[in-house]
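Both backbone and side-chain heavy atoms feed into the values below; hydrogens, waters and symmetry mates do not. One-based numbering, in listed order, for ligands and for the atoms of each. Computed from a predicted model, the values in this text were never measured in an experiment.
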Amino acid sequence: MNVPNTENQNKILVTGGTGLVGSAIQWAIRNVPGTFGKKQNEEWVFLSSADADLRNYDETKSIFDKHKPDYVIHLSARVGGVFENTSRMADFVRDNLYMDQNVLRVCHELGVGKVVSCLSTCIFPDRTTYPISERILHDGPPHPSNYGYAYAKRMLDISSRAYRQQYGCNFTCVIPTNLYGPNDNFSEGCHFIPGVIKRVAQAKQSKASVMVVPGSGRALRQFLYSRDLARVLIWALRNYDEAEPFIISVDPDQEVSIKDAVEMVSEYSGFEGVIQWDTSATDGQLRKTADNARMRALLENFEFTTLEQGLKETLAWYSANQGHIRGMDARKGGQTPRGLL
Ligand code: NDP
């Protein structure tokens, strides 16, 4: 089994290098020294869908042949909020299965030294006990709203293990919780934090005295800053060689309520109106606590960015990039996401 050799020049290829997580890795290799950032003997290449459609085997083979990577962080995926996941169930299964199978197959064919891929805590069994831990990943059906994405992602874990077992490939996965950060996707049906940022910005722009938010706000979530995930992924590429994926999350006592998160975004955005909770709307699952004990055993002293700082940085990026934000049509001013909670 190949393990990254830090003495030689290494080429690291990141699929999905222009997305939320990929751009956070780009930030880390520019700004973070040492263990969690770029090393001198490394060349990093970031792919977007414009470089190759990874759902297509020939395009995947051709772009990997061109770059000949030593190591790969595999992030490209079809990702979305609840509405997108539910309304495009077949697309989520097909696109994710194709991308993952092509990337792992080509990495095997080219003898790539290691692949670290991303799963998600939203693919865990729906009916389970909390906190969730890595060992129950396959122990029951996922939530009906995203079973296409969830089963495809579970197959990424299965496939990584199978390549390891049959061919000795050093393929592994990590399991991040709910992400947010600069360069998030703000399209209709986006994830929770970009949805709130957009909603608050619209309320502020229209000088609304009241902003209505669906749900009661009492559901609890662990929000992970994309730049923290980037640092852990870089560490994992160099240091983690097990088949078993590990959860990447802030500690369970860092869970915050949706109410707190909305109030923080409102305060940091300067929205001065009243927040009204529409309790007729669903809260979703009240709690989905993830256990990060395995990560803490590996990275005991890893310091996560506080939600306050992460939100402030994300909001600063959002203000500075108006007109260039993924999923937002500047002419329409964007649409309020349907899958807010
Ligand atoms: P994004 O949606 O922000 O980015 C997706 C990336 O994949 C983009 O670079 C996109 O390229 C690329 N891509 C999409 N389709 C194709 C294709 N057919 N061929 C080649 N490239 C393609 O995703 P995230 O950064 O949020 O997610 C990264 C990983 O983390 C994924 O595996 C995801 O499942 C996982 N994850 C995400 C969470 C979240 O909350 N966002 C939570 C937990 C896990 P382009 O820019 O050209 O469109």
Side-chain angles (χ1 to χ4, degrees), residues 13-27 45-64 72-82 84-85 88 91-104 106 115-124 132 137 142 146 148-157 160 173-187 189-195 221-230 232-233 236 245-250 288 290 310 314 324-327 337 339:
L13 185 138
V14 181
T15 69
T18 46
L20 170 64
V21 183
S23 57
I25 295 182
Q26 293 196 40
W27 171 87
V45 176
F46 293 87
L47 296 185
S48 77
S49 63
D51 296 302
D53 184 345
L54 299 178
R55 293 171 301 182
N56 177 292
Y57 172 77
D58 291 336
E59 289 193 33
T60 309
K61 180 83 165 64
S62 166
I63 195 79
F64 275 66
V72 168
I73 296 180
H74 171 42
L75 304 174
S76 73
R78 186 170 191 133
V79 181
V82 176
E84 276 276 292
N85 263 278
R88 296 175 192 268
D91 297 348
F92 272 75
V93 183
R94 186 194 56 231
D95 290 355
N96 285 307
L97 282 177
Y98 281 169
M99 267 187 260
D100 297 342
Q101 292 307 314
N102 288 335
V103 167
L104 294 190
V106 167
V115 181
V116 179
S117 304
C118 263
L119 310 178
S120 166
T121 48
C122 72
I123 70 171
F124 273 82
I132 50 176
L137 179 58
N146 75 340
Y149 175 79
Y151 276 123
K153 281 282 176 188
R154 288 188 194 182
M155 282 308 296
L156 180 52
D157 172 46
S160 301
C173 300
V174 295
I175 317 177
T177 48
N178 310 278
L179 293 171
Y180 71 99
N183 201 33
D184 210 337
N185 187 339
F186 285 74
S187 60
C190 60
H191 285 121
F192 173 70
I193 294 281
R221 295 289 181 268
Q222 286 156 294
F223 292 112
L224 176 63
Y225 191 36
S226 55
R227 291 176 176 177
D228 290 346
L229 171 58
V232 178
L233 275 167
F246 67 93
I247 289 173
I248 304 179
S249 172
V250 298
K288 309 199 226 183
T314 306
H324 308 280
I325 290 180
R326 267 197 308 158

Requested in this report: Would you mind checking which non-hydrogen protein atom is closest to atom 15 (N) of ligand 1, with the distance to 0.1 Å?
Outcome: Met99 CE, 3.6 Å
Query raised in the report: Considering residues, nucleotides and ligands other than Tyr98, do more than 12 of their heavy atoms fall under 6.0 Å from its OH?
Result: no
Query raised in the report: With side chains defined as the heavy atoms from C-beta onward, is the minimum distance between Leu20 and Arg326 less than 4.5 Å?
Result: yes
Report task. Could you tell me whether the side chain of Pro182 reaches within less than 4.5 Å of the side chain of Ser23, counting heavy atoms only? Result -> no
Query - atom 1 (P) of ligand 1 - nearest protein heavy atom and its distance - result: Arg326 NH1, 3.7 Å
Query raised in the report: Does ligand 1 have any atom that is closer than 4.0 Å to a heavy atom of His74?
Result: no
Requested in this report: Provide, to 0.1 Å, the distance between atom 25 (O) of ligand 1 and the closest protein heavy atom, together with that atom's residue and name.
Outcome: Val21 N, 2.9 Å
**Report entry** Thr121 to ligand 1, any heavy atom closer than 4.0 Å
**Finding:** no
Requested in this report: Just say parallel, tilted or perpendicular for the rings of Phe192 and Phe223, cut-offs at 30° and 60°.
Outcome: parallel
Query raised in the report: Is Arg78 touching ligand 1 with its side chain, its backbone, both, or neither, if touching means heavy atoms under 4.0 Å apart?
Result: neither
Report summary line: Note: heavy atom closest to atom 14 (C) of ligand 1, options Ala77, Ser23, Cys190, Gly80, belongs to Ala77
Query raised in the report: What is the closest protein heavy atom to atom 29 (C) of ligand 1, and at what distance does it sit?
Result: Leu75 O, 3.5 Å
Query raised in the report: Relative to the heavy atoms of Arg55, which atoms of ligand 1 are at a distance of less than 4.0 Å?
Result: 18 (N)
**Report entry** Nearest option to atom 34 (O) of ligand 1, as decided by whichever heavy atom of Tyr180, Tyr149, Phe223, Phe192 sits closest
**Finding:** Tyr149
Query - Polar side chain donor-acceptor pair, Ser249 to Gln222, under 3.5 angstrom - result: yes
Query raised in the report: Of all the non-hydrogen atoms in the protein, which one sits nearest to atom 20 (C) of ligand 1, and at what distance?
Result: Ala52 O, 3.2 Å
Query raised in the report: Between the side chain of Asn96 and the main-chain N/O of Lys153, is any donor-acceptor distance below 3.5 Å?
Result: no
Requested in this report: Determine whether more than 12 heavy atoms belonging to other residues, nucleotides or ligands lie under 6.0 Å from atom CZ of Arg154.
Outcome: yes
Query raised in the report: Quick check: does Leu54 get an N/O under 3.5 Å from an N/O on ligand 1?
Result: yes
Query raised in the report: How long is the span from the CG atom in Asn178 to the SG atom in Cys122, to the nearest 0.5 Å?
Result: 8.0 Å
Report summary line: Near Cys118 (heavy-atom distance under 4.0 Å), the atoms of ligand 1 are 29 (C), 30 (O), 32 (O), 35 (C)
Query raised in the report: Considering only heavy atoms, which of His191, Glu59, Lys153 lies nearest to atom 32 (O) of ligand 1?
Result: Lys153
Query raised in the report: Can a donor-acceptor pair be found between the side chains of His74 and Asp100 at a distance below 3.5 Å?
Result: yes
Requested in this report: For a side chain to side chain contact (heavy atoms under 4.5 Å, CB included) with Ile63, tell me which candidate from Leu13, Asp51, Val106, Asp53 qualifies.
Outcome: Asp51
Query raised in the report: Do any nitrogen or oxygen atoms of Val79 come within less than 3.5 Å of a nitrogen or oxygen of ligand 1?
Result: no
Query raised in the report: atom 13 (N) of ligand 1: which protein heavy atom is closest, and how many Å away?
Result: Ser76 CB, 4.0 Å
Report task. Kindly confirm or rule out an N or O of Gly19 lying under 3.5 angstrom from an N or O of ligand 1. Result -> yes
**Report entry** atom 12 (C) of ligand 1: nearest protein contact (heavy atom, Å)
**Finding:** Gly16 CA, 3.8 Å
**Report entry** Leu119 contact mode with ligand 1 (heavy-atom cut-off under 4.0 Å)
**Finding:** backbone
Query - Atoms in ligand 1 with a heavy atom of Thr177 nearer than 4.0 Å - result: 42 (C), 43 (C)
Requested in this report: State which residue, out of Leu75, Val72, Leu156, fulfils the side chain to side chain contact (heavy atoms under 4.5 Å, CB included) condition with Ser117.
Outcome: Leu156
**Report entry** Heavy-atom nearest neighbour of atom 9 (O) of ligand 1 within options Leu20, Leu179, Thr18
**Finding:** Thr18
Report summary line: Note: heavy atom closest to atom 45 (P) of ligand 1, options Gly81, Ser49, Pro176, belongs to Ser49
Report task. Give the residue and atom name of whichever protein heavy atom lies nearest to atom 18 (N) of ligand 1, and the separation in Å to one decimal. Result -> Asp53 OD1, 2.9 Å
